[in-house]
Amino acid sequence: MIDTESGILGRLVLNSVQRDAVVYDSGPQLVFAGAGTGKTRVLTAKIAWLIDRGIPPLHLFAATFTNKAAREMRIRVERFACRPTGGMWIGTFHSLCARLLRSECRHIGYGSAFSIFDTADRTALLRGVLQRLGIDDRTASPRQILAQISRFKNQCVSADEARGSAVGFCEQELVRIYTVYQQTLCEQQAMDFDDLLMNAVVLLREHHEVLEQYRQRFEYVLVDEYQDTNTAQRYLLQLLAGRHNRIFAVGDDDQSIYGWRGARIENILMFEQHFPATEIFTLEQNYRSTGAILDFANAAIVGNAGRAEKKLWTTMGKGRRVAVTRYRDDRHEAQAIGERIKKACNGKVRRGDIALLFRTNAQSRVFEEAFRKEQIPYVLVGGIGFYERAEIKDCLAYLRLLVNPRDNVSFERVYNVPARGLGGKALETLSQKATEKGASLLETLCASDPQELGSRSKKGFSELREFFELLRDEAGEGTSPHELLKEVLQLSGYMDLLADQHTEEAAGRIENINELLNALAIWARENPDGSLAAFLEEVSLASDVDTWEQREDAVNLMTLHCAKGLEFGRVFLVGLEEGLLPSRQNFDDEMKIEEERRLLYVGATRAKEQLFCSYVDRRYRFGELLPQSPSRFLQAIDPSMYDADDQTGNFGAVPPREPAARVAGREAVRFTRADIPVRKIRQKQFSADDDFSQDVVEYRMGQQVRHRNYGRGRIISISGFGSDMKVMVLFNDGTRRKLMAKFANFEQE
DNA sequence: GGCGTAAGACTTTTT
DNA sequence: GTCTTACGCC
């Protein structure tokens, strides 16, 4: 023991529970690691410790939540263990499964060059399937169908298995669609994200020799963010860990926020049932946030039922109080926060240490505008990702076709981009031929005489055919991916098309394409042996945070989901309103409301020193100014946990039920203070369960009031909202009193 | 039969 | 406000 102490354990700064978790080595382990308790540190330390004890890195399987986390962990492990970790399998579940499938998928009817379909690709595929089945896509939205198919796959329910339990017309139709959708994917040698997981499980389940080989190899299975695993991922872990029975999972049920994507919080809560003889470790000392922030976060999360018992504590002291600010509307919120950030950054606060977190991507717009106006540098993480832009998808579709000529979705994307005089009719002709031959569109094109493909489209088709044949030859001769893309852009005329447009938009697209070329060149330098296929895979499985580089000088804007696992000195949590957090679409389901509450918890616990929350009275949605009310989660937190600050300038007033915008017609009307009449003070006493948004006393600053016992006075400050609203009154006898508005019983002047 | 313009739907979160 | 789809024109 003394040996290890002076060795690697000496280099890793760990508290006693963390150290116990690292050195325990007698079977399955679950580490409950609350926010900021050193989850990553423990996982990194565990891997480094294992390697230090002589476990070859190639016997380790480690699943992280993002590729970025995987990269960072690999670097840290290498630093601690002072050894290269090349053979270690570390990455996201999706990339690890892709890796497994690339080498073993011959067992399940795939070649190693399969395409990976993203949401847009699978939507395009489904549209085609619905058309072929003669189903009107207005009767059931493709979105919903895809969500249902994902639900099956996330639980590893194949189309055949689903058929057995389908009840009623709708379900049977769904299964029929699922069946054809799955066949079509296979025909095109493509897998969607869910397939990567499900097919990996199917492969290991049905091919015992393959399973044994990998089980044997992976002596240790390590998992980060275990609370966000879905059923398929759990099956995969159970299969892989089935032999050595050494699984090390880290997670926090309070941070489970991916239920909508199939994640099962039960996975972490029932870990002991899934992995018998588990030893549980609970990390409760928080090293990230101040006491004030932790108290606020704890107060937010206690509303959830069925949590694993834990209580975060810190030795850091209370720190600065959490601020909860009310603004007039979303523009006001953005402008005021922009100014606040600007002021703070004139001091010694680094912009890179500030994050602005929101529930939906749509909320970022106003902030971007405000920040530009204030000249605050910012980085937007996520949103419309680089690889989702039309011009980038076009480029990638061309490249994908070179790797996998059976990828019809890619073919249909680019066969007429730039325009070659080929349209729906031309595609139909080609498609029919392809069906007869049992080949893909590109294969059929290359095998057909253009003369047979319709008189009008023969020119376009023969152009396209020559283009692909030339590229395929070049690809075969080992031309670098970077050169290939350049050729694609030139030979297809794609670049010319953009260059001739002379618009700002086209210029932006050219810039993006250059960025892609650049990325390809850099990637080739870092991966000298990397194939085009490998590049495409990496690109398909890259997440938003993967491409994010934290900068010293730029404020970080991202969704709450994106912020998981990150930390910042100052955090602005914006738009804490009903309908947004919690999201309106989750109102009806208590489980989903709990997930929304966890989202608030995740957001709050990102903050190290200071947390600013805000909500607005009115918000633009669909181009209309709609009234908003503060989030139920805020209202449930004891007001003593934070400082309430009302910046609306019309304190206590509540937005009208029917927005004036409606009355005025379609045109959206901006509210000014004068638009909102300050109603007379009402004498009514309110009960606690009154809906405050309907029955609330409206006060404003400076208002004259008369109190039954204290006489006349003037309101000098207002805090809190709804039934918790407090007013500070300066009475004429010189005394100041803070009164609960609902009990003040002011007499009318 | 392709291309451009106008109404239409619509946004939760992402590998 | 933005992206997609439908229709009418060339």
Side-chain angles (χ1 to χ4, degrees), chain A residues 63-70 91-98 116-120 122-124 127 137-138 141-143 146-147 150 153-154 191-197 225 228-230 232-233 256-263 330 357-366 368-369 381-385 387-390 416-429 454-457 460 537-546 558-564 575 579-587 592 595-596 598-600 602-603 619-625 668:
Chain A
T64 59
F65 202 70
T66 64
N67 293 293
K68 186 184 163 72
T92 63
F93 272 100
H94 289 89
S95 57
L96 291 167
C97 287
I116 296 172
F117 278 7
D118 68 9
T119 311
R122 67 199 293 254
T123 308
R127 285 230 157 84
D137 63 2
R138 273 165 297 192
S141 82
R143 253 178 76 88
L146 287 172
S150 284
K153 293 192 185 180
N154 286 330
M191 296 192 201
D192 62 19
F193 290 135
D194 307 317
D195 281 334
L196 293 173
L197 306 176
E225 309 279 12
D228 285 320
T229 53
N230 62 30
Q233 288 163 334
S256 164
I257 54 174
Y258 283 96
W260 52 274
R261 193 169 96 175
D330 46 354
L357 310 180
F358 34 78
R359 176 67 176 86
T360 68
N361 281 307
Q363 288 168 261
S364 73
R365 260 193 86 77
V366 249
E368 290 185 76
E369 277 164 21
V381 185
I384 331 107
Y387 292 108
E388 283 153 50
R389 285 161 214 237
N416 197 35
V417 181
R420 298 182 179 90
L422 300 170
K425 266 276 143 59
L427 183 67
E428 209 176 294
T429 316
S455 54
R456 203 159 164 158
S457 46
E537 176 177 311
E538 196 172 304
V539 157
S540 319
L541 299 179
S543 67
D544 292 325
V545 274
D546 290 339
M558 64 187 90
T559 62
L560 288 163
H561 284 90
C562 254
K564 193 168 79 152
L580 221 43
L581 189 77
S583 166
R584 187 166 309 277
Q585 0 221 327
N586 290 337
F587 275 5
K592 290 179 176 175
E595 184 159 310
E596 298 277 320
R598 292 194 288 268
L599 217 36
L600 171 63
V602 167
R619 180 174 294 280
Y620 273 99
R621 289 184 99 181
F622 304 112
E624 256 185 326
L625 194 57

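Here is how names work: the chains are called A, B, and so on, in the same order as the sequence lines, proteins then strands, and each is numbered from 1. No hydrogens, no waters, no symmetry mates; every other heavy atom, side chains included, goes into these values. What you are looking at is a predicted structure, and each value in this text was computed from that prediction instead of being measured.
If you check every strand for non-hydrogen atoms under 4.0 Å, A:T119 touches a base. Residue A:L196 is classed as having no contact, given no heavy-atom separation below 4.0 Å to the nucleic acid. If you check every strand for non-hydrogen atoms under 4.0 Å, A:N416 touches sugar and phosphate atoms only. Residue contacts for A:N361: at a heavy-atom cut-off of 4.0 Å it reaches the sugar-phosphate backbone alone, with no base atom in range. In this structure, A:T360 reaches the sugar-phosphate backbone alone: every heavy-atom distance under 4.0 Å involves primed, P, OP1 or OP2 atoms, never a base.
Rounded to whole angstrom, the span from the CD atom of A:Q585 across to the C1' atom of B:dT13 amounts to 10 Å. Computed from coordinates, the A:F65 CZ to B:dT14 C1' distance equals 8 Å when rounded to whole Å. Across the protein-nucleic acid pair, A:R122 atom CZ and B:dT15 atom C1' stand 11 Å apart, rounded to whole Å.
If A:L599 and A:A419 are placed on DNA chain B by their nearest nucleotide, the residue sitting closer to the 5' end is A:A419.
Put simply, A:R420 has no side-chain N or O that comes within less than 4.0 Å of OP1 or OP2 on B:dG2. In this structure, A:T559 reaches the B:dT14 phosphate: one of its side-chain N or O atoms is under 4.0 Å from OP1 or OP2. Phosphate contact (OP1/OP2 of B:dT15, side-chain N/O of A:N154, threshold under 4.0 Å): absent. OP1 and OP2 of B:dC10 both lie 4.0 Å or more from every side-chain N or O belonging to A:R621.
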Audit row: A:K425, A:E428, salt bridge (charged side-chain N to carboxylate O under 4.0 Å, His left out) steps and yes/no: CA-CA 5 Å; A:K425 266 276 143 59; A:E428 209 176 294; 5.3 Å; no

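Residue-nucleotide stacking is present for A:W260 and B:dT13, judged by a side-chain ring centre under 5.5 Å from the six-membered base ring centre and planes under 30° apart.
For the atom pair A:D192 CG and A:H94 NE2, the distance stands at 8.5 Å (nearest 0.5 Å).
For the residue pair A:R621 and A:T360, no side-chain donor N or O sits within less than 3.5 Å of a side-chain acceptor on the partner.
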